Amino acid sequence: MSTTFLTSWKVRIGLGILAFFCLLAVLGPWAAHSLLGLDPRANDISVIARPPSAEHLLGTNQFGQDVLAQVIAGARGSMYVGLLGAVVGTAMAILVGVSAGYYSGRVDAALNFLTNLFLVMPVLPLILIVAGYLRGTGLTTIALIIGFFGWSGGARTLRAQALSIANRDFVRAMRMLGERGRRLVFAEVLPHLTGLIASMFLHAVIGAVMAEAGLAFLGISDSSAISWGTMIQSAQQQSAVLRGLWWWFVPPGLCIALIGTAAALVNFGVDELANPKLRVARPASVRRTKRPARAGGGA
């Protein structure tokens, strides 16, 4: 399955982009400081608001800070929020959705009520209120808030799929043989939901990255932390658009767009793997199928 998954050009490109940003988040700040001598917090009043040049590849902002150094440092902050928020949201969706679909009865009723409660809640205003009360607590709190309020839609989808799998013959047969419910959930039900969970996780990553950028843009974030969202928010506060300082806000915005594009490409590959109807026959395979037919016709 993994070989088939990696044969798609969409998946390879998407995973390559995601791997690049993950490496940038892990090793980028160290490489920028040790190898390039860049400090995202260093202020140099002699190079305020300078456009890209050989000395500063992405220019400098209004405070004389190197934009490239901030983009590299912001990758760690944004990817951290995206991955942590996605892990929390996906884990809660699996815990609630799969449990509700498998166990049914009162457990399903209680968990389904909880899911519906979170579904009808105005998520964005709640995130704004909670993040506002916890203002200045750091990126970890922002990621936890985003994950905590972003699981209900995925839980509803997983519940429907788990309910279908739980009623299949092989699961019923294993129940009759005395298999424990916990083992059935993790060994039999969850493997059939791998594609859906992977797609949900990728969607949650870009959702968390964009949510953090939105919260930072609205000023509800830790101003001392460096992320792509705080960069865009700082550029907005200093009227970078009106002043023509495009090199200040375009790079972080482009990075967010690339993360979304990469997640979408991998998601397309997951959909093609899970649904054979979406797979497109490659020209090489089409030629191989046509050759025997021509040979038979010639004979």
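This structure is a prediction, so every number in the text was calculated from the model and none was measured.
- Between the CD1 atom in I48 and the CD atom in Q65 there is a gap of 10.0 Å [rounded to 0.5 Å].
- Here W248 pairs with nothing under the ring-ring contact (aromatic ring centres under 6.0 Å, His included) rule; sequence neighbours left out.
- Judged by distance alone, with hydrogens and angles left aside, the side-chain atoms of S239 form no donor-acceptor pair with the main-chain N or O of L242 at under 3.5 Å.
- Atom CE of M92 is surrounded by more than 12 heavy atoms from other residues, nucleotides or ligands within 6.0 Å.
- At least one side-chain heavy atom of L245 sits less than 4.5 Å from a side-chain heavy atom of W247.
- When only modelled atom types and interatomic distance are considered, R243 and Q62 share a side-chain donor-acceptor pair under 3.5 Å.
- In this structure the side chain of I259 reaches within 4.5 angstrom of the side chain of M79, judged on heavy atoms.
- Both W246 and L258 belong to a common hydrophobic cluster when Ile, Leu, Val, Met, Phe, Trp and Tyr are linked at side-chain heavy-atom distances under 4.5 angstrom.
- Grouping the Ile, Leu, Val, Met, Phe, Trp and Tyr side chains by contacts below 4.5 angstrom, directly or via other members, places L36 with F20.
- Across all non-hydrogen atoms, the minimal contact from A93 to M200 is CB-SD, 3.9 Å.
- Checked by atom type and distance alone, the side chain of S99 pairs as donor or acceptor with a backbone atom of L95 at under 3.5 Å.
- No donor-acceptor pair closer than 3.5 Å links the side chain of R159 to the backbone N or O of G97.
- A donor-acceptor contact under 3.5 angstrom links the side chains of Y80 and T140, judged on distance only.
- Within the model, atoms CH2 of W30 and CG of L35 stand 5.0 Å from one another, a figure rounded to the nearest 0.5 Å.
- Nearest heavy atoms, A216 versus Q233: O-CG, 2.5 Å.
- By the 30° and 60° cut-offs, the orientation of the rings of F118 relative to F149 is tilted.
- Between E212 and S227, the side chains place a donor N or O and an acceptor N or O closer than 3.5 Å (distance only, hydrogens not considered).
- Interatomic distance, I206 CD1 to N267 CG, rounded to the nearest 0.5 Å: 12.0 Å.
- If you take OG1 on T230 and CG on L215, they are separated by 12.0 Å, rounding to the nearest 0.5 Å.
- Rounding to the nearest 0.5 Å places CG of L158 at 12.0 Å from CG of L163.
- H192 meets the ring-ring contact (aromatic ring centres under 6.0 Å, His included) test with F170; sequence neighbours excluded.
- The two atoms that bring I232 and P252 nearest to each other are CG1-CG, 3.9 Å, heavy atoms only.
- For the pair L68/H56, no side-chain contact is recorded, criterion being any heavy-atom separation below 4.5 Å from C-beta on.
- Contact check for V96 versus W151: side-chain heavy atoms found under the 4.5 Å cut-off.
- Both W9 and V266 are members of a single hydrophobic cluster when ILVMFWY side chains are connected at heavy-atom separations under 4.5 Å.
- With N43 contributing its side chain and F63 its backbone, the two residues share a donor-acceptor pair below 3.5 Å.
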ask   = Can L190 and Y102 be said to form a side chain to side chain contact (heavy atoms under 4.5 Å, CB included), step by step?
value = CA-CA 11 Å; L190 275 182; Y102 178 81; over 6 Å; no
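- Between A208 and G82 the shortest heavy-atom distance is CB-CA, 3.7 Å.
- Within 6.0 Å of CD1 in I45 there are 12 or fewer heavy atoms belonging to other residues, nucleotides or ligands.
- Side chains of T60 and D66: no donor on one and acceptor on the other come within 3.5 Å.
- No continuous path of ILVMFWY side-chain contacts below 4.5 Å connects I226 to L84, so the two sit in separate hydrophobic clusters.
- Contact annotation: the side chain of I256 never approaches that of S78 to less than 4.5 Å [non-hydrogen atoms, C-beta and beyond].
- When side chains are defined from C-beta on, P29 counts as touching I72, because their heavy atoms get closer than 4.5 Å.
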request  = Please test D44 against V47 for side chain to side chain contact (heavy atoms under 4.5 Å, CB included), starting from the C-alpha separation and ending with a verdict.
outcome  = CA-CA 6 Å; D44 187 356; V47 290; 3.6 Å; yes
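- Each of F249, F217, F21 was compared with W228 under the ring-ring contact (aromatic ring centres under 6.0 Å, His included) criterion, and only F21 meets it.
- Proximity of P52 to L57: side-chain heavy atoms (C-beta onward) are nowhere separated by under 4.5 Å.
- Atom CD of Q238 is separated from atom CG of N61 by 8.5 Å, given to the nearest 0.5 angstrom.
- Between V88 and L144 the shortest side-chain heavy-atom distance falls below 4.5 Å.
- Nearest heavy atoms, L38 versus A69: CB-CB, 3.7 Å.
- Under the 4.5 Å side-chain heavy-atom criterion for ILVMFWY residues, a single connected hydrophobic cluster contains both L114 and I94.
- Partners of P251 by side chain to side chain contact (heavy atoms under 4.5 Å, CB included), not counting sequence neighbours, listed by chain and number: L58, V67, V71.
- Side-chain atoms of S199 never come within 3.5 Å of backbone atoms of L196 as a donor-acceptor pair (strictly under, hydrogens ignored).
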